[in-house]
Amino acid sequence: MKFLLALVICLVCLGIASAQPKVPTESALDRFLRYVKIDTQSQEDQTTVPSTRKQLNLANLLAKELMVLGAQNVRVSEFGIVYAMVPGNLADNSKVPVIGFIAHMDTSPAVSGENVNPIIHKNYQGGDIVLPNDKTQVITVEKNPVLKKLIGDDIITADGTTLLGSDDKAGCAEIMTMIDTLHQNPQIKHGDIAIAFTPDEEVGGGIEKFDVKAFGAKFAYTVDGEELGEISDETWSARTATVTFQGKSTHPGTAKGIMINAMYAIGDYLNRFPHDILPETTEGRVGFVHPYAGVIDVESSSLKILLRDFDVSGLDAKEKLLRDMVAQTAAKYPEVKIAIDVKENYKNMKEVLKNFPELTNNAMEASRRAGVEPFLKPIRGGTDGSNLTFRGLPTPNLFTGGGNFHGKLEFNSRRGLEKTTETLINLVQIFAAKS
Ligand SMILES: [Zn+2]
């Protein structure tokens with residue numbers, strides 16, 4: 001009798017086991033906690049990619065783990081980019097577009113990523129979060145209203161002395177946990193999935209070395225956004241202006257009638273910037289002009305200015321404004337030679353992505369199926385995806401669950417990591433089902 005009962009219970013267990021997906025060998029949270037402890041800070045103004053050798057420590061680790069999880073053609077390129085292919089399990093994988101997922105391994109040069117000590121604030125019950133090793137570092141509800149949605153969740157922060165590195169090790173952990181889950185659950189049907197982990201996203205050099213063809217995807221997603229549900233298929237269109245002011249230097253003791261001091265002209269030019277279209281006075285869909293670096297000298301002064309807008313017409317208007325300001329300053333300082341040169345940096349990826357609405361729609365559906373209400377948010381910046389989109393690989397950006405990137409107040413949560421992973425798993429199934 002006991003034996004029979006045991007047998008019945010066992011069969012019931014098996015029944016349940018075959019219906020319920022198996023859990024991954026390591027949770028998204030545990031993976032995340034491991035990855036953030038590896039220092040992968042990138043560095044500005046380096047001539048090599050990756051800009052710092054230490055990024056390879058994570059690259060090599062991810063490559064090893066990808067192999068263990070059954071990924072194929074795993075390799076680390078000479079530039080430290082990790083590529084892999086997760087083979088599909090459909091009768092005919094060629095009928096489904098190869099979908100790529102990309103996360104970046106480096107962390108911002110703005111704040112140290114050495115000796116990151118992740119703190120888990122279990123079962124968060126509301127209120128400001130004081131970081132233990134520097135009590136002046138406080139994540140306030142006032143500045144982070146998203147905290148109200150995290151009641152009962154386990155929030156992960158750094159200890160107040162470093163950044164956390166959720167940007168973008170959350171994306172790395174979520175993609176890896178998706179692969180792990182798919183590996184454990186062959187009953188989840190999907191086509192071929194291309195994977196890449198990139199260095200130097202924060203310093204803008206890594207993506208130039210990205211081999212779109214070798215990656216092998218038709219469409220891709222960067223997993224590098226913030227709040228749960230946030231999906232971005234729009235970025236800035238971006239230009240940079242350089243304005244030069246040429247004067248004439250001479251010994252000040254004998255300068256009368258000879259010296260032309262370019263510094264007054266550059267001062268006049270700076271004073272003409274309208275206050276309502278600066279980074280510090282704009283948000284949402286409103287673009288800006290931003291003088292961000294300059295050289296000031298009697299003989300030769302110069303100014304570098306960022307122009308940002310979601311619409312090309314808005315960008316054109318900002319360029320015209322800067323040129324008009326040049327004319328006005330030149331009229332006031334006729335002896336100073338002033339020249340302006342404007343270069344295009346990147347374009348709003350929406351110009352391409354509007355032709356592939358299914359990318360955004362499928363992502364929104366995947367998010368909804370995970371119980372997360374999706375919303376579209378234009379990115380006030382560029383992404384690796386905007387670069388790839390214009391190189392023939394349409395690539396919108398997905399949330400990671402994190403917030404407060406590039407600073408000591410950075411955070412993510414257990415639910416953020418789990419729901420993002422679930423969304424990725426839903427997404428590959430949606431593409432398989434719709435093809
Ligand atoms: Zn990022």
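Every number for a ligand or one of its atoms is a count from 1 in the order of the listing.
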Main-chain N/O of T240 paired to K304 side chain as donor or acceptor, under 3.5 Å: no
Residues T383 and N397: side-chain donor-acceptor under 3.5 angstrom: no
Lys/Arg N to Asp/Glu carboxylate O, K320 vs D324, below 4.0 Å: yes
Number of protein N, O or S atoms [distance to the Zn ion (ligand 1) under 2.8 Å]: 4
Side chain E410, main chain G165, donor-acceptor under 3.5 Å: yes
Salt bridge present between R415 and D153 (N-O < 4.0 angstrom): no
Under the ring pair (Phe, Tyr, Trp, His ring centres under 6.0 Å) test, residues paired with F310 that sit two or more places apart: W236
